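Have a look at the structure below before the remarks.
Since the model is a prediction, treat every value here as computed from it, not as a measurement.
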Amino acid sequence: MSSLLDVRGLSAAYGKVEALHGVDIEVPRGKIVTVIGPNGAGKTTLLAVLMGLLAGRGTVIYDGGDMSGCTTEMRVARGLCLVPERRELFGGLRVEDNLLLGAFPRIGKATQTIRSDLDGVYQRFPRLLERRTQLAGTLSGGERQMLALGRALMAKPQLLMLDEPSLGLAPRIVRDTFHVIADLKRSGVSILLVEQNARAALQVADYGYVLETGEVVLEGTACALAANPRVAQTYLGLSGRFERNTA
Amino acid sequence: MTIDIALWLTQDAITNGAVYALLALALVLVYTVTRVIFVPQGEFISFAALSLATLQAGKVPGTVYLLMAGGALVALIDGVAAIRAAQPRRLIGIVILNIGLPAAVAGAASLAALRPDNLWLQMLVTLAIVTPFGPIIYRLAFQPLAGMSVLVLLIIAVAVHYLLTGLGLVFFGGEGLRSPPLSDFSLHVGVLNITAQSLWVIFSSIVLIFTLWLLFEHTLYGKALRATAINRVGARLVGISAAFAGSLSFTLAALIGAIAGILISPITTIYYDTGFIISLKGFVGAIIGGMVSYPVAAAGALLVGFLESFSSFWWSAFKESIVFTLIIPVLLWRSLTARHVDEEEE
Ligand SMILES: Nc1ncnc2c1ncn2[C@@H]1O[C@H](COP(=O)(O)OP(=O)(O)OP(=O)(O)O)[C@@H](O)[C@H]1O
Ligand SMILES: [Mg+2]
């Protein structure tokens, strides 16, 4: 069976400045693939193009179909889902409304399953249940991350893309987040994970890519990458400094 | 000023203020969801009031033909897009919605024109004629430009306003029309003469505002509109398309405008361009609410009603200029107190 996501020669630019130069990436079904790289490497840009938020050149084959010309909403309807770096929550709406809107494409078609999915999210994040009537804009950083993840899960994604899910979180919550990610994989969701926390990302992932200044400079199984001296030195050896940067 | 006069002016203020409040809400809705400062909002008022009066006179209003033409244009554009996207099955829905529905409305209009005694039927048909102009205008003028700056969208809005006002002149001519009230009943309290129509305006406005509140607080479609207003990127990421949200907000705006037009048509004589002035007063209210706050916009619109009514007693020659001059201190106060909010800030 072919990969769920197959990206070939993807380029993208902000105005005249190109931020991605011909990137090839694959996400096999049911696997976790991680993209690591320094600040400004183009990781967020890559996800924006995959989500249709930013125009790009190159081919993106998702679930056997070409995605060119698909709007963001069409991609969401086809099971692609992004938890963005800035979370993009609806600050003026209640936590529960944020979650329910995550299931927007299914509204009116599957009201029953939306209810049970909501219960599932509350089970996974009991904190959100406590806060369900609170405005999303008043949540703490960790709670916002849970809400962003919960909102994405309400979409029942086939491919979940996470942009720095551990950004700015306390170590304990980072661990919880990675547990959830591993758990999602077991339930059959394929995951594309962008992380600064390379150590944690490579631990949970099956395969990884190293992106630097808009190009894939290294790729391999997660174990091989973790053992690679260059990766170890740049992304793992100095992980203490990285963690302070991202906190 | 005696207490009686004050009461009388207050009644006037609340009746007009209620209509301005409806328009202010529509303007805030359209602006927050689509960033369009919707100058043509008032045209829905003129179109509705004049279409109703024309039906009363036993004729089919020109707006019916405009509706069919607009629908056909949308069907053409969407149809071509559907064929290009190799989705011919969507054609059926497109044709039903954009050609079938206007044709049905036209049929209902010719029926209603034959029944001058049935005011309720004519009001319903008027709503059915005017409301679809909302999504049609959005589809033709604004959807293709959704990513443009607020200024570009404003310029388009002004152009649409002139186009619709011109068409209004063609359809209804230069004379004003007035439709009969639902009831001639009026209540005498002292010297105060409360007409059924002004109670009807106030009652309908309250019901409509409450319905909108229900929509925004208790339905997911209403919340999807709010979500789009709060965070455009977030809305797209959960699959709420800008086209859906824009079309829905324009539909609501047109419905609100049409209801406002039907409500005031027995109170004032409406000319083809009267709606614009009325919606400008709603706009002052919306500005007081910073174009984002529904309650402040509604309260501001009510304030405009009072200002207008009382200034017409003291300085009747200046009543319009006083209302519009109010914008200047409001804008000053707004720019001094409001911290600058970035468009996509959470
Ligand atoms: N909206 C924008 N306009 C112009 N340039 C941009 C824009 N967004 C990103 N860039 C540039 O594109 C490059 C890639 O940015 P991107 O956000 O994709 O990096 P990243 O890998 O996600 O970094 P980080 O780890 O800091 O999140 C950077 O040089 C950045 O300055
Ligand atoms: Mg980034």
Side-chain angles (χ1 to χ4, degrees), chain A residues 47-48 50-55 68-94 96-108 111 114 118 135-139 144 147-148 150-157 160-161 163, chain B residues 28-29 31-33 78 80-87 90 143-144 146-147 213-248 289-296 339 341-346:
Chain A
L47 297 185
L50 292 180
M51 217 48 221
L53 293 170
L54 181 70
S68 60
C70 281
T71 61
T72 303
E73 304 81 49
M74 289 154 88
R75 293 171 201 237
V76 172
R78 288 177 59 178
L80 215 65
C81 190
L82 170 67
V83 177
E85 197 171 12
R86 295 180 51 195
R87 308 304 177 233
E88 312 289 4
L89 299 172
F90 307 122
L93 295 182
R94 293 190 194 95
E96 181 151 304
D97 294 334
N98 272 265
L99 290 173
L100 288 172
L101 284 173
F104 184 78
R106 287 189 285 147
I107 288 175
T111 318
I114 292 178
L118 185 65
L135 295 187
T138 63
L139 293 180
R144 293 163 57 78
L147 181 55
R151 188 179 72 177
L153 295 183
M154 290 297 289
K156 290 250 182 120
L160 180 61
M161 306 197 284
D163 197 349
Chain B
V28 169
L29 169 66
Y31 178 73
T32 52
V33 173
D78 281 352
V80 168
I83 290 170
R84 280 236 182 95
Q87 291 173 316
R90 274 177 36 208
Q143 187 177 322
W213 176 81
L214 279 183
L215 177 78
F216 286 126
E217 280 295 323
H218 292 287
T219 73
L220 277 174
Y221 286 114
K223 285 170 188 169
L225 284 184
R226 286 171 68 197
T228 310
I230 293 170
N231 189 326
R232 248 172 219 98
V233 175
R236 295 181 65 190
L237 287 176
V238 297
I240 303 168
S241 79
F244 164 81
S247 198
L248 182 54
M291 291 305 281
V292 292
S293 164
Y294 292 97
V296 181
R339 72 197 166 85
V341 184
D342 250 332
E343 196 155 81
E344 300 292 17
E345 205 181 69
E346 294 141 328

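Put simply, the side chain of A:L100 does not reach to within 4.5 Å of the side chain of B:K223, judged on heavy atoms. By the 4.5 Å heavy-atom criterion applied to side chains, A:L101 and B:L220 are counted as neighbours.
Among all heavy-atom pairs drawn from A:F104 and B:A224, the shortest one is CE1-CB, 3.5 Å. The heavy-atom pair separating B:V238 from A:G102 by the smallest distance is CG1-CA, 3.9 Å. Contact record, A:F90 with B:A235: CE2-N, 3.5 Å, taken as the closest heavy-atom pair. Of all the heavy atoms in B:R226 and A:G92, the pair that sits closest is NH2-O, 3.7 Å. B:G239 approaches A:P105 most closely through the heavy-atom pair CA-CG, 4.5 Å.
To the nearest 0.5 angstrom, B:R236 atom CZ is 9.5 Å from A:M51 atom CE. A:I107 CD1 to B:I240 CD1: the interatomic distance, rounded to the nearest 0.5 Å, is 7.5 Å.
A:R75 does not touch chain B: none of its heavy atoms, backbone or side chain, sits under 4.5 Å away.
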- From CA spacing to verdict: side-chain contact (heavy atoms from CB on, under 4.5 Å), A:L53, B:L237: CA-CA 9 Å; A:L53 293 170; B:L237 287 176; 3.9 Å; yes
